[in-house]
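Notes to accompany the following structure.
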Amino acid sequence: MRESDPLTVISGIGPKTEAYFKSLGVCSLLDMLLFFPRTYKKYPLPKDHPEDEGEYCAVTGSFERRPVTRRFRGLTITTDRLYSESGDEIEVIWYRMPYIEKSIKLYNKYVVYGMVSNHSGHLRFEQPSLFDTEKYYTMTKRPAPVYHLTKGLSNNTVSKAVDGALSICLPLKDPIPGYLLNKNQLPDINRSLINIHKPDSDIDIENSVRRFSYQEFLIYFLTEELQRSENKDVRNKFLFKNDSCLRSVTGSLPFELTGGQKKALSDIIEDMNGLFVTERLIQGDVGSGKTAVAFLSMIYAAENHYQSALMAPTEVLCDQHFEKMIKLISENNLPFRAVCLKGGMKQSDRKDALNKIKSGEADFIIGTHALISDNVTYHNLCLVITDEQHRFGVRQRAVLMEKGEFPFSVIMSATPIPRTLSLILYKGMNVSEIRDVPKSRKKILTAILKSSERNKAWKFISNEVAKGHQAYIICPFIEESETMDGENVTDYMDLYQKNFPEIKSGMLHGRMSLDKKNDIMKKFKEHEIDVLISTTVVEVGVDVANATVILIENADRFGLTQLHQLRGRVGRGDQQSFCILMDSSNGKNQNASKRLSALQESRDGFEVAEKDLILRGPGDINGTRQSGEAGFFIADSMRNPELLKEAADDAANIIKDDPMLCKDENKYLRKICESKDRLIYTNL
């Protein structure tokens with residue numbers, strides 16, 4: 001099959017470029033086809049004169065002198081002056097781009113695109129993009145795809161590689177039967193792949209995103225339906241006679257459980273004493289105390305002589321859970337033992353943990369994906385808890401369930417979604433909601449600032465650091481992009497260190513190795529870092545009680561629910577905490593302003609989710625997500641609620657007519673359901 005061929009079959013890609021793509025998880029032609037744009041750029045027509053400072057715009061002009069490059073505190077700065085066609089003299093500054101000198105030919109016409117600012121009465125472009133006029137006018141005619149990049153790869157290189165993969169692989173066999181495409185008015189897979197990578201209009205993007213979203217929803221529901229049919233009405237073989245230890249620990253907690261926590265715990269206990277094995281989702285806002293409910297459930301299993309496993313998505317979160325469990329065991333003098341199982345363990349420690357799990361000496365097993373490794377054998381696994389469920393695919397959760405003899409399953413999610421959607425998305429699953437938060441939690445005060453007020457935000461952070469507190473600064477990008485406007489952690493780190501050399505700052509982003517990310521988060525937790533400058537990779541659920549401020553740059557770019565999740569990184573302790581939303585549109589994007597205002601007014605994640613659904617609507621196309629609830633790659637229930645319901649109904653009808661997906665028209669769907677959560681299955 002050509003789709004499984006290496007990238008080097010594409011003209012222009014050698015071993016070096018192939019290595020860059022592999023660092024992004026793109027290893028084959030199929031991976032390249034599915035390497036969807038992260039968003040799309042629309043370039044405005046050039047102006048002769050920039051009308052408003054603080055806005056992104058394109059200006060036509062020429063350079064009449066050679067650029068000057070100098071170094072300042074280790075930073076390379078290149079400056080020049082653009083003379084616009086209206087006679088404006090605009091200062092242009094590039095950071096860490098000395099090569100720009102060779103790109104500029106004096107007196108040639110160029111289009112300079114970027115944000116215009118006013119410094120002491122003089123107009124200035126900082127870090128703008130530079131284009132040939134003819135090329136730029138072409139770019140204004142259609143949406144330009146913007147891809148995730150890494151050092152060594154440009155957006156243009158990725159676009160050419162995608163073109164090569166499309167020409168080699170298409171046409172592909174469509175996994176969705178024709179009658180479903182017609183029923184739901186969806187384009188076929190070949191047209192969708194072309195239009196998502198090379199759109200002529202917003203409609204092309206919308207239809208392609210809709211098609212792949214439907215496909216993911218359909219596969220998700222079919223997989224769930226198949227799983228339910230295989231495990232339907234499994235009798236509960238576990239016996240629970242004791243609860244004295246559970247009652248004792250609950251009574252000795254240094255806080256009183258909220259009403260929501262009590263109800264969720266009661267629901268789990270009731271499930272475990274029922275006639276059949278069940279699966280329950282615990283939906284709770286950030287800081288609502290889901291982990292406490294999970295631990296108490298595990299204690300109930302342990303005092304009845306059963307094992308329980310808690311699977312966390314990252315080693316940092318795994319370590320946090322393990323430390324808390326050890327503390328709970330020690331403070332209550334419990335006769336139980338906890339072990340940790342994760343990828344970065346010493347061989348001797350791993351072997352010891354595996355032996356204790358197999359023998360039954362370990363009552364609580366807390367780990368990462370390592371919990372589902374082939375060499376892990378459980379003694380009498382009764383309860384499986386999956387933390388941050390959207391980080392795991394359906395198959396991953398199923399593998400952990402298969403490690404025991406039909407154990408109970410509790411899935412925790414800190415991403416509340418509207419009840420109308422959860423009833424569809426989690427059909428067949430018992431759902432508990434923890435809507436209240438502990439009384440000790442203070443409201444996180446939220447402020448909205450314009451980009452021009454950044455110094456005010458920085459001064460506020462400095463004051464908090466001076467008090468001994470810590471802060472997060474979130475940027476949407478890892479490094480400067482040739483196609484996207486917005487703050488990036490690499491340049492931001494340089495600028496912040498230059499302005500605040502006395503503050504211990506650190507950087508975190510998704511391209512770092514797992515060990516490096518764990519090390520940075522560990523240092524931040526242990527207060528070796530005062531200010532962490534990070535992308536959104538910063539861990540959900542990680543407690544840094546001393547962090548009291550989070551500054552979110554380009555907040556107008558993020559969805560409402562994601563902003564709420566990011567805000568939840570602070571307020572984990574008893575000090576007053578703050579969230580600063582930096583609106584890079586400076587109030588000119590009305591939809592963004594409504595989102596930011598909605599977040600400022602509400603602290604309830606369920607209420608925020610409802611507002612997000614209303615404010616976004618199905619037509620808000622910003623590109624592809626490649627993350628989200630239920631482990632979806634591109635689908636977004638908040639963007640397409642009606643599509644979610646269509647896919648759920650279609651899946652139910654397909655299973656009703658063909659319970660094991662044995663008919664010819666459904667065999668391809670079956671193979672995708674059994675594969676590793678991919679959009680296309682190629683091993684036919």
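- In this structure, Ile93 and Pro128 approach most closely via the heavy-atom pair O-CD, 3.5 Å.
- Classification of Lys459 and Glu453 as a salt-bridged pair fails, no side-chain N sitting under 4.0 Å from a carboxylate O.
- Using bins of under 30°, 30° to 60° and over 60° for the plane-to-plane angle, the ring pair Tyr492/Tyr496 lands in the parallel bin.
- Evaluation of the ring pair (Phe, Tyr, Trp, His ring centres under 6.0 Å) rule for Phe558 yields no partner, not counting sequence neighbours.
- Counting heavy atoms from C-beta on, the side chains of Val549 and Val570 never come closer than 4.5 Å.
- Residues Leu532 and Lys523 are not in side-chain contact: their nearest non-hydrogen atoms beyond the backbone lie 4.5 Å or more apart.
- In this structure, the side chain of Ser192 does not engage the main chain of Ser208 through any donor-acceptor pair within 3.5 Å.
- Listed for the Asp612 side chain is no donor-acceptor partner under 3.5 Å among the backbone atoms of Ala609.
- Without hydrogens or angle criteria, Asn554 side chain to Pro476 main chain gives no donor-acceptor distance under 3.5 Å.
- Taking each heavy atom of Val111 and Ala58 in turn, the nearest pair found is CG1-CB, 3.7 Å.
- Ring orientation note: the planes of Phe63 and Trp94 are tilted relative to one another, at an angle of 30° to 60°.
- Considering only residues two or more places apart in sequence or on other chains, Lys594 meets the salt bridge (Lys or Arg N to Asp or Glu O under 4.0 Å) condition with none of them.
- Under the side-chain contact (heavy atoms from CB on, under 4.5 Å) criterion, Ser11 pairs with no residue, sequence neighbours left out.
- Remark: side-chain polar atoms of His197 are paired, donor with acceptor, to backbone N or O of Leu33 under 3.5 angstrom.
- Judged by distance alone, the side chain of Gln470 and the main-chain N or O of Ile529 form a donor-acceptor pair under 3.5 Å.
- Taking every heavy atom of both residues into account, Ser117 and Glu126 meet most closely at OG-OE2, 4.5 Å.
- For Glu487 and Arg454, the salt-bridge test passes: some basic side-chain N is under 4.0 Å from an acidic carboxylate O.
- The ring pair (Phe, Tyr, Trp, His ring centres under 6.0 Å) search around Tyr136 returns Tyr43, Phe131, not counting sequence neighbours.
- Remark: the backbone N or O of Val209 is paired with a side-chain donor or acceptor of Ser213 at under 3.5 angstrom.
- Considering only heavy atoms from C-beta on, Arg211 stays 4.5 Å or farther from Asn195 through its side chain.
- Contact annotation: the side chain of Arg595 never approaches that of Leu599 to less than 4.5 Å [non-hydrogen atoms, C-beta and beyond].
- A heavy-atom distance below 4.5 Å is found between the side chains of Met493 and Ile533.
- Taking Phe125 as the reference, nothing meets the ring pair (Phe, Tyr, Trp, His ring centres under 6.0 Å) condition, with sequence neighbours excluded.
- At least one side-chain heavy atom of Leu130 sits under 4.5 Å from a side-chain heavy atom of Val112.
- The local environment of CD in Gln185 is sparse, with at most 12 non-hydrogen atoms from other residues, nucleotides or ligands closer than 6.0 Å.
- Take Asp80 and apply the salt bridge (Lys or Arg N to Asp or Glu O under 4.0 Å) test, not counting sequence neighbours, and it matches Arg65.
- Within the 4.5 Å cutoff, the side chain of Ser28 has heavy atoms near those of the Asp31 side chain.
- The CG atom of Asp163 sits 10.0 Å away from the CD1 atom of Ile194 when rounded to the nearest 0.5 Å.
- For the pair Arg210 and Glu206, the salt-bridge criterion is not met [side-chain N within less than 4.0 Å of a carboxylate O].
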Could you walk me through whether Asp88 and Ser86 pass the side-chain hydrogen bond (donor to acceptor under 3.5 Å, both in side chains) check?
CA-CA 6 Å; Asp88 292 315; Ser86 64; 3.0 Å; yes
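- At least one donor-acceptor pair under 3.5 Å links the side chain of Asn155 to the backbone N or O of Tyr147.
- For Lys504, the NZ atom counts as densely surrounded, since its 6.0 Å shell holds more than 12 non-hydrogen atoms of other residues, nucleotides or ligands.
- A donor-acceptor contact shorter than 3.5 Å is absent between the side chain of Tyr137 and the backbone of Pro46.
- With hydrogens and angles ignored, the 3.5 Å screen pairs no side-chain donor or acceptor of Arg567 with any backbone N or O of Ile550.
- Lys42 is listed as a side-chain neighbour of Asp202, based on a closest heavy-atom distance under 4.5 Å.
- A salt bridge is absent between Arg142 and Asp204; no separation between the charged side-chain nitrogens and carboxylate oxygens falls under 4.0 Å.
- Side-chain atoms of Arg66 come within 3.5 Å of backbone N or O of Glu101 as a donor-acceptor pair.
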